[in-house]
Q: 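I am attaching a structure below and will ask some questions about it afterwards.
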Amino acid sequence: MKVLVVEDNTLLGKSVKRGLEEVGWTVDLALDGDEGLYCAESCDYDVIVLDWMLPKRSGFELLKELRVKGRNTPTIMLTAKSAVTDRVECLDRGADDYLVKPFEFVELVARLNAIYRRSIGQGTSTMILGTLAFDLAGQQVTVNGRHLELTGKEYDLLAALAAKSGQLLKRNTLVGILYQLDSEPESNSLDVLLARVRRKLAGSGVEVATIRGKGFVLRVADPLPR
Amino acid sequence: MWKRLPLSQKLILPLIAMQLAAVAFGVIWITSRLQASRIKELEQMLDSETDAIEDALVISDERVVFNLKSETVRELYSNRNFYFSLTGADGTTLEESRGPSLETRAALRTLLASQHQQDEQVVGIDVGGTPWRVVRERLSLKTLAKMTPELALPRNAQSVFLNVATNAGPTMTELRLVRRYMVVGAVLLVSLISFGTSIIVSHTTSNLRAMAHSLRNVKPQNPVWTPPGRPQCAEELLLFESFRSMLSAIKKSTDAQRLFIADASHELKTPVAGMLTTLQVMLAKRRSPEEYEQMGRDLLNAVQGLRRLSGTLLDLARLENQAEIETSILNVEDLLATVSDRWVPVAERKGVVLTFANAPGLMVHGNRELLEVAVGNFIDNAIKYSDSGDSVEITAVASHGGKGMILHIDDHGVGMNERDLSHLGEVFFRSDEARSDDMSYGLGFAQAQRIVGLLGGHVEVKSKLGHGTEIIVTICS
């Protein structure tokens, strides 16, 4: 799962980034509104964590710009303002959720999970796909109830494909989801990752198909093979 | 008690009292004048009637008797309210008119006999509860002789008194009636005037009352006042306007305070959120000593930043509440030397050159500690908005004929645009966010400006984007 954190307080930004990375997310950190907008426009994030008061461009200006451009990335607002009117304003102006500073980190993670879950149309934190069961909060996958050992990146790849199962995902989109904006992954790292995931999925009835020259698609095989 | 009375009553009560006094005085004066004139009239009548009776005296059969030939005298002779008689020196009645009743005549006779009065003096007597006016006249024999020179002196004319009395009862009754009418009229008049006065006064003061009530509804959180109506007089207008301007000043101040609190809460909550998250992330799993050290250092920085912020906020709050501060004569050279010791190392770390210059022997009236903070804040900003290799010049010159000082702090850094210039001085305002790290809160300029203001000076800022900023601090004792 890929998240953009836009926060001007370096300590808070850094710690949120570190904490989210440690629970297995891919995080980009932007320190002001302009940088945040640039990031949000140049990459598909699953969720955006957005501070309200930002230098250069406020969180709301950023959000408005994004929404105008048709990007409906789920956004959770961070604000020091705790009045009801402020919280209502947050939601009214396009945020999907808000957290009042200072907040509990576990709550941020839980809310990010929930908001992400909703955005992919899942009611609970468990997503069933054929024989696979995804625990979105715990970032775990089981095959027929048996735990599937996955690294963070492997999970991200599988989850990204599963969230849009049956749909074509372009190579660039997947790279964007899996790697930070400023990192430069090696050209074949996605293929290496895919190979590992395919190996681990062998026999589960779920397969990652390659559409040559276009991208990849996750398919669930017929549960009752003839 | 008097002080607690409503204004309307304070106005109405004395007004009514004065009206009552004036009317009562008027009634008493008019009735007494009326009474005096009526009695005088009565006495004049009595005089002329006495003359008429005197003229009608004749001597017959050696006795002085009334000649009833004159119609006037005849009429008087039988008038119920009129009495005249002739009495001898011993008080015996010789002749008397027949008008009044027997009882009255008897009473009059008795009274006249006991009366010792001077000649021709009118006196009042009480006859069975009715007031009468009486005049007694001694008839000299010579006068009588003149009237009838051919006759011998009458026997009863040794010493004869003519008594004439008139009943003053009807006049007094009339006067009493007039007085009663006047009192009733006066009471009605006073009531009417009081009623009118009350209406006018309470109408005049009603706006004040309504205003006082409506002011009670003004809440400190939202000091907006809707006047109960239009002002009805110059004083009310003045009061309305004074309240309005006072409330708008309060509103301005509470708005500023609210903004300040909102800003301060953001500035305080964000680093706290940072520290909280850092600690929670730090404790979420076991880490290497290097990681702990790194996070600890980040936390330390944040705590130090918070300490600075809270300290500055408290200083600022103290400055806001300080009406006057202790001042003394300061040597500007010493002051700048201290400031230079503090800030040159900071500037050097950034590669900025600070140069200090001052007029020799320059003195200024101020508070050393506060001035060091203020000048330090200006220099801090100048360094912050300058780049490596830039210079900042601090120059102090005398002003106001040696009584004051003008301090220039000129940098050649990024400068500010018009918009930023207009926001300068607002708490938590930062001109160029990119240059303000987590350690700068946009408080320095505001604090310095308040200090200079407290010392009776003012700060002028000239700035041009890309060319630098010039701060001109004028302090005059």
Side-chain angles (χ1 to χ4, degrees), chain A residues 5-25 27 29-36 49-59 61 76-83 85-86 89-90 98-112 152, chain B residues 221-222 258-288 290-292 294-306 309 417 419-420 423 427-442:
Chain A
V5 176
V6 192
E7 168 60 60
D8 63 324
N9 181 284
T10 42
L11 179 67
L12 181 59
K14 236 163 77 177
S15 296
V16 167
K17 178 176 155 78
R18 185 197 287 256
L20 290 179
E21 278 171 353
E22 284 174 5
V23 294
W25 296 48
V27 183
L29 176 63
L31 288 169
D32 62 53
D34 283 355
E35 193 186 341
V49 178
L50 187 59
D51 188 18
W52 182 330
M53 284 159 97
L54 285 169
K56 293 184 182 169
R57 188 191 290 270
S58 80
E61 285 165 359
I76 181 161
M77 225 44 195
L78 295 184
T79 164
K81 303 182 181 184
S82 54
T85 48
D86 296 325
E89 193 183 356
C90 251
Y98 66 85
L99 258 184
V100 176
K101 288 181 191 175
F103 50 84
E104 297 292 320
F105 185 69
V106 285
E107 191 182 351
L108 175 68
V109 175
R111 281 180 189 264
L112 283 176
Chain B
Q221 309 89 295
N222 184 27
R258 202 169 294 155
L259 192 70
F260 173 80
I261 290 169
D263 287 343
S265 86
H266 177 258
E267 300 292 337
L268 287 167
K269 280 177 176 175
T270 302
V272 169
M275 295 192 301
L276 186 68
T277 304
T278 306
L279 282 165
Q280 285 171 340
V281 168
M282 183 170 93
L283 297 173
K285 66 170 204 178
R286 291 213 168 274
R287 298 176 185 279
S288 67
E290 290 76 25
E291 266 187 302
Y292 279 126
Q294 179 55 47
M295 292 174 107
R297 209 165 278 144
D298 287 348
L299 282 170
L300 184 66
N301 271 339
V303 172
Q304 278 170 344
L306 258 186
L309 170 63
N417 58 23
R419 191 181 136 266
D420 284 358
H423 284 294
V427 172
F428 297 118
F429 170 74
R430 277 160 281 198
S431 162
D432 184 351
E433 297 280 358
R435 285 181 184 256
S436 9
D437 46 31
D438 285 348
M439 292 296 159
S440 94
Y441 296 103

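The chains referred to below are lettered A, B, ... by the order of the sequence lines, with proteins before strands, and numbering in each begins at 1.
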Q: Kindly compute the distance separating OG1 (B/T270) from CG (A/D51), expressed to the nearest 0.5 Å.
A: 6.0 Å
Q: Distance from A/K14 atom NZ to B/T277 atom OG1, nearest 0.5 Å?
A: 13.5 Å
Q: List in chain and number order the residues that pass salt bridge (Lys or Arg N to Asp or Glu O under 4.0 Å) with A/E21, two or more places apart in sequence or in another chain; answer none if no residue qualifies.
A: A/K17
Q: Which heavy atom in B/L276 sits nearest to a heavy atom in A/F103, and how many Å separate them?
A: CD2-O, 3.1 Å
Q: For A/E104, is it the side chain, the backbone, both or neither that has a heavy atom under 4.5 Å from a heavy atom of chain B?
A: both
Q: Compare every heavy atom of B/A302 with every heavy atom of A/L11, then report the nearest pair and how far apart it is.
A: CD2-CB, 3.4 Å
Q: Just verifying a value: how many Å separate A/L12 CG and B/D298 CG, rounded to the nearest 0.5 Å?
A: 12.0 Å
Q: Holding to side-chain contact (heavy atoms from CB on, under 4.5 Å), I want the full list of residues that pass it with B/M295, two or more places apart in sequence or in another chain.
A: A/R18, B/T278, B/V281, B/M282, B/R287
Q: Measure from the side-chain N and O atoms of B/K269 to the backbone N and O of A/P102, and report whether any donor-acceptor pair falls under 3.5 Å.
A: no
Q: As a quick check of understanding, evaluate side-chain contact (heavy atoms from CB on, under 4.5 Å) for B/Q280 and A/V106, giving each step before the final call.
A: CA-CA 8 Å; B/Q280 285 171 340; A/V106 285; over 6 Å; no
